[in-house]
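The block underneath contains the structure these notes are about, expressed in structure tokens.
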There are 2 protein chains.
Amino acid sequence: MHRVVIVGGGFGGLAAAKAIRYAPVEVTVVDRRNFHLFQPLLYQVATGSLSPSEIATPLRTLVRNQKNVRVAMDEAVYLDTKNRRLVLSSETIPYDSLIVATGAQNHFFGHGEWEQSAPGLKTIEDATRIRHKILEAFEKAELERDPDARRAWLTFVLVGGGATGVELAGALAEIANDTLRDDFRSIRPEESQILLLEGADRLLQSFPEDLSKAAEQSLARLGVQVRTRVRVTAIDADGVTLSSQQRPETIASKTVIWAAGVAPSDFTGIVARATGAATDRAGRICVQSDLTVSGYPEIFVIGDAAHLEWKGAPLPGIAPVAMQQGRQAAEAIMERLRGYPAPEFRYRNKGNLAVIGRNAAVADFGRLRFHGRPAWLLWLFVHLMYLAEFRNRLIVFIRWGFSYLTFDRGARLITGAADAPASAARR
Amino acid sequence: MHRVVIVGGGFGGLAAAKAIRYAPVEVTVVDRRNFHLFQPLLYQVATGSLSPSEIATPLRTLVRNQKNVRVAMDEAVYLDTKNRRLVLSSETIPYDSLIVATGAQNHFFGHGEWEQSAPGLKTIEDATRIRHKILEAFEKAELERDPDARRAWLTFVLVGGGATGVELAGALAEIANDTLRDDFRSIRPEESQILLLEGADRLLQSFPEDLSKAAEQSLARLGVQVRTRVRVTAIDADGVTLSSQQRPETIASKTVIWAAGVAPSDFTGIVARATGAATDRAGRICVQSDLTVSGYPEIFVIGDAAHLEWKGAPLPGIAPVAMQQGRQAAEAIMERLRGYPAPEFRYRNKGNLAVIGRNAAVADFGRLRFHGRPAWLLWLFVHLMYLAEFRNRLIVFIRWGFSYLTFDRGARLITGAADAPASAARR
């Protein structure tokens with residue numbers, strides 16, 4: 001029987017596994033983790049609104065009833081394109097079709113050491129580490145007598161003004177202004193400084209300019225200081241150094257969070273070397289219009305691992321792109337089994353949403369764009385609907401309802417280690 | 001104003017802080033963690049039924065409206081009884097009354113190295129580490145070709161037949177028999193071996209014999225092998241060695257969990273040295289009938305840190321004892337402020353419950369004792385009612401409802417590290 005191997009159980013890989021459900025194929029889904037993670041809500045774990053298990057579902061549960069799907073919790077370490085074999089840490093598996101859906105990881109532009117002080121937000125461990133750092137900062141400030149040191153504990157710097165940076169900044173402002181308002185006796189959390197740094201001239205560059213402006217205004221109302229056109233030149237345990245208009249400037253902060261860059265996972269590099277495929281500057285594999293690698297019609301690369309131009313620009317690294325590509329790759333394999341050629345991928349833009357906070361979000365549907373409460377309600381609805389399980393939808397709905405009414409956040413735990421490099425946990 | 005310092009925000013410390021609410025005192029609650037943990041449900045985190053945040057609530061939230069209470073997330077490192085000062089890692093605070101409520105930690109009877117292979121269950125980190133080990137064992141077994149190695153991955157050994165060991169054994173059996181039944185393709189989880197080892201001649205020694213027998217029968221129906229009168233002589237990454245009827249025996253197992261012993265936390269030793277108080281064999285401080293340390297009427301020791309005889313036996317280390325003693329210590333301080341002597345502590349036995357699994361539990365109320373579904377329903381009700389927040393009660397209720405109907409468990413995530421010593425994370 002035709003053997004399909006899918007590497008990665010994120011939005012793309014899972015969509016592919018589900019789409020191929022009724023085909024006469026044997027499917028193996030390989031993932032290092034035992035769960036599918038709903039990354040768009042990961043920032044809510046990092047800011048104490050949700051628990052990890054509410055946005056993560058075991059992969060085995062999701063494909064339990066697909067008897068032709070096997071899940072291997074393992075790591076792909078080598079690709080033998082000649083014999084069509086994928087080498088995992090504990091076994092080697094043959095494939096007839098391969099779908100590479102390994103997503104992205106944090107990328108520090110050659111400054112890997114920054115991760116020690118400024119975690120990115122890609123994994124559950126990243127999220128609980130950021131949560132640890134944020135909540136601990138208020139606790140340390142409460143115990144601190146020296147005003148300068150106290151100010152450094154109460155200064156939060158977010159590097160990168162994309163959707164993740166904006167979402168974290170909005171949530172942090174709400175924690176400081178509302179959630180923790182009556183919790184402390186020595187400090188006033190609402191006097192925290194929250195800085196959002198962006199290298200370009202505006203936030204949310206994937207949105208039209210008027211929505212960037214709306215987002216900036218919403219953040220300003222929450223007390224977030226947005227600084228554009230600044231470049232970070234150093235990050236350590238005591239803060240960030242940045243250059244803007246030539247003169248360097250240091251901001252003392254004990255909590256710096258990295259939201260400035262991602263790169264494809266290491267396996268993408270393995271695939272690129274094995275196939276000789278071209279990659280873009282970030283390391284994504286340039287795929288053909290049917291999502292395969294040039295010269296390897298049996299190898300599909302999708303989602304954040306792939307670079308594909310669409311209407312003059314590369315497709316963005318977002319869940320809808322990955323899901324549509326996953327379904328497309330499954331479709332292509334089934335068409336070929338029936339003797340037809342693989343169809344071209346056509347992206348359907350379902351719109352773009354980013355949330356800032358309570359009653360504040362931006363929505364871009366091409367000609368139709370709006371912000372404020374309508375966008376926020378739409379964001380809530382869409383994210384609830386796309387959560388993988390009914391139970392999680394219900395629990396997240398309850399948590400959001402309580403948070404809306406009480407300004408509280410129900411998962412404000414300081415657990416695990418704050419300074420362990422996330423990569424150690426990610427193994 | 002009279003200064004009360006409470007060390008520990010568990011059941012005892014929190015009950016004391018709440019009981020002293022309207023008194024003209026200044027209260028400081030010191031805890032290393034930022035949350036109150038509902039330990040009776042910790043085994044449900046370890047077995048993937050609940051999430052950490054569902055059984056843990058930030059201490060600051062719990063005392064937010066008590067303006068006379070300050071929370072310090074810090075560690076008590078020294079006690080200066082002469083000047084009535086408590087030294088914390090980051091400050092020194094004076095007290096007029098001190099309540100020591102620092103609870104218990106895992107204790108390996110002089111074999112601290114066993115913790116590396118056999119985690120105990122005392123902290124959130126312990127629970128997620130055990131969850132990691134249990135779930136990973138099934139994943140590793142699925143990938144393993146060698147039948148002996150596979151069997152070792154599917155053998156689970158629980159050391160200690162008290163309430164924690166019994167609860168873990170029951171939950172593990174349900175995971176193997178029901179939750180994971182259709183999840184794997186190479187292994188059959190229901191063929192797992194689950195061993196519960198106990199040194200004495202029966203399980204649940206704090207219960208009457210007929211209930212021990214009932215629990216043993218319930219576990220046997222679930223497929224758990226109960227072995228009493230066995231002594232563990234070694235534990236390492238490959239299994240346990242035990243001696244029963246003279247000959248040593250080795251059980252190959254990749255998942256050994258320690259439920260055999262606890263000892264008071266390190267701070268109890270600091271208090272004992274500072275006051276010269278007598279301690280029992282486990283290290284608990286022997287207190288007087290008003291819960292104070294002999295010669296130090298201003299120092300109260302309560303809960304798992306204290307040893308107090310009641311009707312010929314020491315009071316057990318359970319939440320009701322700690323809560324009653326916490327309220328009593330608060331009462332004593334208030335009485336003295338009014339010029340009256342501190343009253344004697346009188347324990348009111350509210351009964352004893354232990355759960356085995358679906359429809360199976362044991363209940364002991366002195367003359368009234370029962371098991372099976374009535375005891376299980378009572379257990380559910382009591383544990384829901386005592387959870388600290390309405391939100392958590394609602395979410396736990398939903399999770400339990402789903403689990404009951406679907407046999408699923410909603411928090412089956414493999415996160416963090418499995419082999420980090422819990423003590424490192426606990427700091």
Side-chain angles (χ1 to χ4, degrees), chain A residues 33-35 48 50-54 56-58 60-61 64-65 67 69-74 88-91 123-125 128 135-136 138-140 142-145 180 182-186 389-392 394-395 398-399 402 406 408-417 420 424-425 427, chain B residues 33-35 48 50-54 56-58 60-61 64-65 67 69-74 88-91 123-125 128 135-136 138-140 142-145 180 182-186 389-392 394-395 398-399 402 406 408-417 420 424-425 427:
Chain A
R33 308 305 299 258
N34 79 322
F35 50 82
L50 299 179
S51 268
S53 64
E54 288 154 11
T57 308
R60 294 189 188 281
T61 301
R64 177 182 288 166
N65 299 320
K67 293 298 174 203
V69 177
R70 181 181 159 248
V71 175
M73 193 182 93
D74 208 339
L88 309 179
S89 297
S90 67
E91 60 178 333
T123 66
I124 289 278
E125 285 80 6
T128 49
L135 297 173
E136 192 179 41
F138 290 102
E139 298 289 342
K140 294 284 190 190
E142 172 85 352
L143 297 174
E144 182 61 61
R145 298 283 160 85
L180 300 183
D182 297 318
D183 272 15
F184 293 87
R185 302 293 179 254
S186 308
E389 283 182 300
F390 175 68
R391 171 177 42 203
N392 280 344
L394 183 61
I395 292 175
I398 290 169
R399 284 212 185 268
F402 270 92
T406 66
D408 197 5
R409 285 158 186 263
R412 298 203 320 279
L413 308 184
I414 302 180
T415 54
R427 262 201 318 120
Chain B
R33 309 305 299 259
N34 78 322
F35 50 83
L50 298 178
S51 270
S53 65
E54 288 153 12
T57 307
R60 294 189 188 281
T61 300
R64 178 181 287 165
N65 299 320
K67 294 297 175 204
V69 177
R70 180 182 159 248
V71 176
M73 193 181 93
D74 208 338
L88 309 179
S89 297
S90 67
E91 59 178 333
T123 65
I124 288 280
E125 286 78 7
T128 50
L135 297 173
E136 191 179 41
F138 290 101
E139 298 289 343
K140 294 283 190 191
E142 172 86 352
L143 296 174
E144 182 62 61
R145 298 283 160 86
L180 300 182
D182 297 320
D183 271 14
F184 293 87
R185 302 294 179 252
S186 307
E389 283 183 300
F390 176 68
R391 172 177 40 203
N392 280 344
L394 183 61
I395 291 176
I398 289 170
R399 284 213 185 268
F402 269 91
T406 65
D408 197 6
R409 284 158 187 264
R412 298 202 322 279
L413 308 185
I414 302 179
T415 53
R427 267 198 315 118

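Here is the naming used below: chain letters follow the sequence lines, and residue numbers restart at 1 for every chain. Computation of the quantities below employed the complete heavy-atom set of this structure, encompassing side-chain atoms and omitting hydrogens, waters and symmetry-equivalent molecules. What you see is a predicted model, and the numbers here were worked out from it, not measured in a lab.
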Where A/D182 and B/K67 come nearest, the two heavy atoms and their spacing: CB-NZ, 4.2 Å
Atom pair OG (B/S51) and CD1 (A/I395), whose distance is rounded to the nearest 0.5 Å: 8.0 Å
Pairs of heavy atoms under 4.5 Å with chain B: top-ranked of A/E389, A/R391, A/E136, A/K140: A/R391
B/S53 side chain to A/R399 side chain, donor-acceptor N/O pair below 3.5 angstrom: yes
Contacting region of B/E144 [heavy-atom separation from chain A under 4.5 Å]: neither
Side chain, backbone, both or neither of B/L394 within contact of chain A (heavy atoms, under 4.5 Å): side chain
Residues in side-chain hydrogen bond (donor to acceptor under 3.5 Å, both in side chains) contact with A/R412, at least two apart in sequence or another chain: A/D183, A/D408, B/T61
Stepwise side chain to side chain contact (heavy atoms under 4.5 Å, CB included) test for A/E125 and B/T415: CA-CA 7 Å; A/E125 285 80 6; B/T415 53; 3.4 Å; yes
Contacting moiety of B/R185, where chain A heavy atoms sit under 4.5 Å: side chain
Residue, of A/A72, A/P52, A/P58, A/G48, that accumulates the most heavy atom pairs under 4.5 Å with chain B: A/P58
Per-residue contact mode, A/I398 against chain B (heavy atom under 4.5 angstrom): side chain
Any side-chain heavy-atom pair of A/V71 and B/F184 under 4.5 Å: no
A/E139/B/R60 ion pair, N-O < 4.0 Å: yes
Spacing of CG belonging to A/N392 relative to CZ belonging to B/F402, to within rounding of 0.5 Å: 9.0 Å
Shortest non-hydrogen contact between B/R145 and A/E91, atoms and distance: NH2-OE1, 2.8 Å
Partner residues of A/E142 under the side-chain hydrogen bond (donor to acceptor under 3.5 Å, both in side chains) criterion, sequence neighbours left out: none
Non-hydrogen atoms of A/I414 and B/N34 that approach each other most closely: N-OD1, 3.0 Å
